[in-house]
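To keep things clear, I will list the structure first and then write my remarks on it.
A, B, ... follow the sequence lines: proteins, then strands. Residue 1 opens every chain.
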There are 2 protein chains.
Amino acid sequence: MVMGRSDAARRGETAGRPAAQAAAELVLQQYFPYRLARLAEQVSLAVAEVYSERFSLTRQEWRVLAILGARQEIATKEIGPLTTLDKMQVSRAVQGLETRGIASRKPHPDDRRELIVSLTSAGRTLYRKIVPYALEREAALLAVLTEEEAEVLDRVMRKMSAALT
Amino acid sequence: MVMGRSDAARRGETAGRPAAQAAAELVLQQYFPYRLARLAEQVSLAVAEVYSERFSLTRQEWRVLAILGARQEIATKEIGPLTTLDKMQVSRAVQGLETRGIASRKPHPDDRRELIVSLTSAGRTLYRKIVPYALEREAALLAVLTEEEAEVLDRVMRKMSAALT
DNA sequence: CCAAGTTCGTAACAGATGTTACTATCTGCT
DNA sequence: AGCAGATAGTAACATCTGTTACGAACTTGG
């Protein structure tokens, strides 16, 4: 399946003219990268209602919070790889969380360049409050799929992601 | 399939403690909205090599160019819905294209608020140059999938997108 | 035919994001 | 020990993006 071509292009011809030079026709609405970006944006928006509108966190802060919720402590430098944020984004997100009293930082005892981040108890409370909503959103999204569609989707995402590494 | 929960959470318990309060554990790496955003970003980056690095267009300009390539002329106000860009993004993208001599604008004869956009011949040449690369990228992405995986993916994207409208 | 409201596109500001380069600290090599 | 890199985090700047609000042009109801 070649998603982004028009039917005419798939047949190797361009509207009007019969197949001369190989068709170079791209239909944006059918172009896979565009469709994927669009869907991801829709999903992101739907999920952002949870952490952004209800709890006024940025997307980056939410990601960091999600990581922090699963561990007691974590070195700042580990956050980036886990959240796909660069170090500046992590720095800003953690600062944001610290400012609101959601996270706190302390120096690493053996390496004074590093900082160790953890949730405050207020942060942990917030985490426990948000997560059910976040999981609910995810479940609602996946609920429109059949069991096997969800499985294929999972596989497809892994495959593509791996192919792009 | 509930992607974003840990196995323990799926069993209704949290590490160490047996199932007491309903598990509220979220594993970011398995959380569907995160995974989708990540994949879309990877794909976007891979495709951006084509229009951004090789031809120094922004994502928005590329979308507008893609629309323009399929039509002779188009009213500015029609571009937004077709590209999922808001009117300010369209305004900037078209300006960018105009500045580089890729697109040109003329006033609408019957409504002087509107502008009609079309590609210059340089723009059309650029379009014909880019499109094969863009389609190649798409094909390479889809090539990692089986025929039926691609079909399910197509269906899944439609379903989800529709559910979020 | 004209006041009130709407639509089109953009200017201008504000806020977010990416980039560069810097400080402080650590590590390894001689 | 002491110096040449490497690494962690951030300040400061440049750029991009979103938002508000505006001027110009159109439409509509009285």
Side-chain angles (χ1 to χ4, degrees), chain A residues 37-38 40-42 44-45 47-49 51-53 55-65 67-68 71 73-100 103-118, chain B residues 37-38 40-42 44-45 48-49 51-53 55-65 67-68 73-100 103-118:
Chain A
R38 201 169 143 32
E41 209 169 313
Q42 285 183 88
S44 172
L45 218 68
V47 175
E49 278 176 33
Y51 59 77
S52 170
E53 290 174 27
F55 302 98
S56 64
L57 296 170
T58 68
R59 178 194 176 91
Q60 289 90 323
E61 287 166 350
W62 154 241
R63 284 193 188 174
V64 171
L65 176 61
I67 291 297
L68 253 40
R71 293 150 122 297
E73 297 191 327
I74 186 169
T76 303
K77 65 171 177 175
E78 292 180 71
I79 298 176
L82 291 173
T83 52
T84 334
L85 300 173
D86 74 17
K87 63 179 185 171
M88 195 66 234
Q89 290 179 307
V90 171
S91 175
R92 282 166 175 154
V94 174
Q95 268 181 349
L97 294 177
E98 194 175 37
T99 302
R100 292 161 208 243
S104 68
R105 288 187 286 187
K106 62 176 188 198
H108 183 109
D110 299 343
D111 187 337
R112 280 180 300 168
R113 291 169 306 180
E114 290 187 27
L115 293 171
I116 306 295
V117 190
S118 56
Chain B
R38 197 166 149 35
E41 211 170 311
Q42 284 183 89
S44 173
L45 218 69
E49 277 176 33
Y51 58 77
S52 169
E53 290 174 27
F55 303 97
S56 64
L57 297 170
T58 66
R59 178 194 176 92
Q60 290 90 324
E61 287 166 351
W62 153 242
R63 285 194 189 174
V64 171
L65 176 61
I67 291 298
L68 252 42
E73 297 191 327
I74 186 169
T76 302
K77 64 172 177 173
E78 292 180 71
I79 297 177
L82 290 173
T83 53
T84 336
L85 299 173
D86 74 17
K87 65 178 183 171
M88 194 65 234
Q89 291 178 307
V90 171
S91 174
R92 283 168 176 153
V94 175
Q95 268 180 349
L97 294 176
E98 195 175 38
T99 302
R100 293 161 208 243
S104 69
R105 289 186 285 186
K106 64 178 188 196
H108 184 110
D110 298 342
D111 186 338
R112 281 180 297 168
R113 292 169 304 178
E114 290 186 28
L115 292 171
I116 306 295
V117 189
S118 56

Contact list for DNA chain D against residues 103-116 of chain A - heavy-atom distance below 4.0 Å: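 Residues of residues 103-116 of chain A that come under 4.0 Å of DNA chain D are, in numerical order, A/Arg105, A/Arg113, A/Glu114, A/Leu115.
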I would like to know whether B/Arg92 and B/Glu61 meet salt bridge (charged side-chain N to carboxylate O under 4.0 Å, His left out); could you show each step before the answer? CA-CA 8 Å; B/Arg92 283 168 176 153; B/Glu61 287 166 351; over 6 Å; no
Quiz question: by atom type and distance under 3.5 Å, do the side chains of A/Ser52 and A/Arg59 form a donor-acceptor pair?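 Distance-only check fails for A/Ser52 and A/Arg59.
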Under 4.0 Å between a side-chain N/O of [X] and OP1 or OP2 of [N], yes or no?
{"X": "B/Ser91", "N": "C/dG9", "answer": "no"}
{"X": "A/Thr76", "N": "D/dG9", "answer": "yes"}
{"X": "B/Gln89", "N": "D/dT17", "answer": "no"}

Over how many whole Å does the gap from [X] atom [atom1] to [N] atom [atom2] extend?
{"X": "B/Leu97", "N": "C/dG9", "atom1": "CG", "atom2": "C1'", "value": "16 Å"}
{"X": "A/Arg63", "N": "C/dT17", "atom1": "CZ", "atom2": "C1'", "value": "14 Å"}
{"X": "A/Glu98", "N": "D/dG9", "atom1": "CD", "atom2": "P", "value": "13 Å"}
{"X": "B/Asp86", "N": "D/dT20", "atom1": "CG", "atom2": "P", "value": "12 Å"}

Checking all strands, does A/Gln60 fall into the base, sugar-phosphate, or nothing category for heavy-atom contacts under 4.0 angstrom?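 Sugar-phosphate contact only - A/Gln60 comes under 4.0 Å of backbone atoms but never of a base.
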Using a 4.0 Å heavy-atom cut-off across all strands, classify B/Lys87 as base, sugar-phosphate, or nothing.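 The answer is base, as B/Lys87 lies within the cut-off (heavy atoms under 4.0 Å) of a base atom.
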Nearest to the side chain of B/Met88, heavy atoms from C-beta on, is which of C/dA12, C/dG9, C/dT19?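 In terms of side-chain proximity for B/Met88, the closest of C/dA12, C/dG9, C/dT19 is C/dA12.
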The side chain of B/Gln95 lies closest to which of these nucleotides: D/dG9, C/dT10, D/dT10?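 Output: C/dT10.
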Atom pair CD1/OG of A/Ile74 and A/Ser118 - distance to nearest 0.5 Å: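 It comes to 11.0 Å.
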Note: A/Lys106-A/Glu73 ion pair, threshold 4.0 Å (strictly below):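 Salt bridge present between A/Lys106 and A/Glu73.
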So does A/Arg105 pair up with A/Glu114, basic N to acidic O under 4.0 Å?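 Answer for the salt bridge query: no.
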Does A/Arg92 make a side-chain donor-acceptor contact with the base of C/dG18, cut-off 3.5 Å?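 A donor-acceptor contact between them is present.
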Walk me through it: do A/Arg71 and A/Glu78 pass the test side-chain contact (heavy atoms from CB on, under 4.5 Å)? CA-CA 12 Å; A/Arg71 293 150 122 297; A/Glu78 292 180 71; 3.3 Å; yes
Report the residue from A/Thr76, A/Leu82, A/Ile79 that forms a side-chain contact (heavy atoms from CB on, under 4.5 Å) with A/Val64.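 The option that passes is A/Ile79.
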